[in-house]
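For ligands, and for the atoms within them, numbers begin at 1 and follow the listed sequence.
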Amino acid sequence: MRELNLPKEGTPRKLLFEKMNEMKSGDADWRNGRMFSLIYNAGDTVLEVAKEAYAMYFAENGLSPFAFPSLKKMETEVIAMTAGLLGGDAKTVGSLTCGGSESILMAVKTARDYAREKKPGVTAPELLAPSTAHPAWDKACHYLGLKPVRVPVGEDFRADVDAMKGALNENTILIVASAPTYPHGVVDSISELGIIAQERGIWLHVDACLGGLILPFVSKLGYEVPAFDFSVPGVASMSADLHKYGFCPKGCSAVLYRDSERRKKQYFAHADFPGGVYGTSTLSGARPGGAIAAAWAVMNFLGESGYIKLADIAMKTTRKLIEEINAMPDMKVLGSPSASVFAFASDTVNVYALSDAMKEKNWLVEKQQLPASLHMTVSPFHSVVADAFIADLAAAVEEVRGIDAKKLSQEAVMYGVMATLPDRSTAKEFAINYLNQIYTLE
Ligand SMILES: Cc1ncc(COP(=O)(O)O)c(C=O)c1O
């Protein structure tokens, strides 16, 4: 393995940035709208506001509400504004975390500790989730000692409520639903799950990491959105990522609770530390002031009318893409997506080959499995490239028609094989070895 030591002498600033620009030149170029994942692009003005606010609080530490009361004020205001969008009321409380996964980790910890108090008889707690809920839920179970129980979704790709009911048992302390799901962009049957949660006295969390900052505006625009937020009785907590459709810089998500009695279980304090009594609200100790300040700035800069305008553009673009893809021979969009995330598949066209063919045309469209499909996260900025995308997709569909799996790229073959493995643990082991291998010095 190669070694690398800290340079003996510092690098001149000009040279440093030349080097960084050179390294960066190999990265995905999201600015031109040719990728449909990882980035939520609302245009340059929002980006500049976010950058200015982030830079203003670049060094400040969200750990201390006493040293930086302005950050505490901004955090509580961001939480209140998010709760207001999601059917919350004066009792709704929450915290800002560094992202969806941390919000999910916190929700699982909080529900677990709440159940420890309310249901002391449960010694082997279980989390019940549809197969489409984000892997961060399994990760949280892995970290926190819960058993994840996954239930296949229905033909509409939404949670199968009867199957979920059948999978409940006395150890189930948490039910998860998504608004919308990452893979197919559909909103789970949250009202029905709310009834079950209330009847059985089980905590229901709505993972609106993806949709929390767009679904409220999609609904205001008149699109049909199934009930998904705190207005649904039985919903105990929610997560909503500011760094997704909130168009805030990475490192910001809200985890919300129906009341502060629940949120208390999220907090941690250690009284005997020689450095002083130590208490934190979330997993992180030090927290980036920039991420909190930028979220506050972007939300206040856009306001409701700004978010509605962006949601309108994203939705019109999404509906147009869905319509055009459905009109292509043999191609179909899966389920009934509620927001601006969707997946498309085909019974005859090899979609992994299609993704490779699109890559050749300089478009990045992510592959998915179970079932094989391609994933689209549509941002407002994609309105600019939608026509070009559809034209290239239509051409690529014809190019790959009848293609033999042997002619596919290594990646597509591997993906296809992994997707059909009967023993999923092999794929898991492969993924872990792969991570172990790529995070080494080149
Ligand atoms: C529904 C849902 N939940 C959770 C997450 C995890 O969020 P993060 O990547 O910010 O940790 C995602 C990410 O896409 C998501 O779509």
Side-chain angles (χ1 to χ4, degrees), residues 30 35-41 78 82 86 94-109 111 127 129-144 148 150 153 157-159 174-190 193 204-216 218 225-226 228-229 235 237-256 282-284 287-288 291-292 294-295 314 318 334-335 337-343 364 366-369 373 375-379 435:
W30 56 271
M35 61 191 287
F36 291 87
S37 54
L38 303 168
I39 304 286
Y40 299 79
N41 187 350
V78 169
T82 310
L86 297 174
S95 305
L96 288 183
T97 68
C98 74
S101 299
E102 189 187 348
S103 287
I104 285 169
L105 190 73
M106 290 299 96
V108 174
K109 181 239 181 297
L127 174 153
S131 54
T132 48
H134 195 272
W137 291 101
D138 288 70
K139 187 174 175 176
C141 287
H142 180 67
Y143 287 3
L144 294 164
R150 292 283 195 160
V153 289
F157 297 95
R158 301 173 77 203
L174 174 58
I175 300 174
V176 173
S178 305
T181 64
Y182 174 85
H184 313 111
V186 297
V187 175
D188 282 328
S189 325
I190 290 159
L193 291 171
L204 172 62
H205 181 101
V206 175
D207 180 359
C209 282
L210 194 51
L213 272 294
I214 191 165
L215 284 175
V218 169
V225 176
F228 73 97
D229 60 15
V235 173
S237 59
M238 294 188 72
S239 43
D241 291 358
L242 282 312
H243 70 195
K244 292 191 171 77
Y245 283 102
F247 306 114
C248 302
K250 297 281 185 291
C252 201
S253 164
V255 58
L256 304 170
T282 59
L283 176 70
S284 305
R287 292 193 301 156
I292 298 168
T318 305
L334 301 178
S338 287
S340 48
V341 172
F342 69 93
L364 211 62
E366 298 285 349
K367 296 162 186 162
Q368 298 196 124
Q369 58 175 351
S373 59
H375 189 261
M376 302 281 286
T377 303
V378 180
S379 281
L435 282 175

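- Take A295 and apply the side-chain contact (heavy atoms from CB on, under 4.5 Å) test, not counting sequence neighbours, and it matches V78, L242, C248, C252.
- A donor atom on one side chain and an acceptor atom on the other are found under 3.5 Å apart for S239 and H205.
- With sequence neighbours left out, the salt bridge (Lys or Arg N to Asp or Glu O under 4.0 Å) criterion links R287 to E75.
- Contacts of S253 classified as side-chain contact (heavy atoms from CB on, under 4.5 Å), with partners at least two apart in sequence or in another chain: T97, S103, D241.
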Between ligand 1 and the protein, give all atom pairs where both partners are nitrogen or oxygen and the distance is under 3.5 Å, as lines of names plus distance to 0.1 Å.
residue, atom, partner, partner atom, Å
ligand 1, 3 (N), D207, OD1, 3.3
ligand 1, 3 (N), D207, OD2, 2.7
ligand 1, 7 (O), K244, NZ, 2.9
ligand 1, 10 (O), G100, N, 2.9
ligand 1, 10 (O), D241, OD2, 3.4
ligand 1, 10 (O), H243, NE2, 2.9
ligand 1, 10 (O), K244, NZ, 3.1
ligand 1, 11 (O), G100, N, 3.4
ligand 1, 11 (O), S101, N, 2.7
ligand 1, 11 (O), S101, OG, 2.6

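- For the side chain to side chain contact (heavy atoms under 4.5 Å, CB included) test with L105, the passing option among L283, V255, T282 is L283; the others fail.
- For the atom pair OH of Y182 and NZ of K244, the computed distance is 9.5 Å after rounding to the nearest 0.5 Å.
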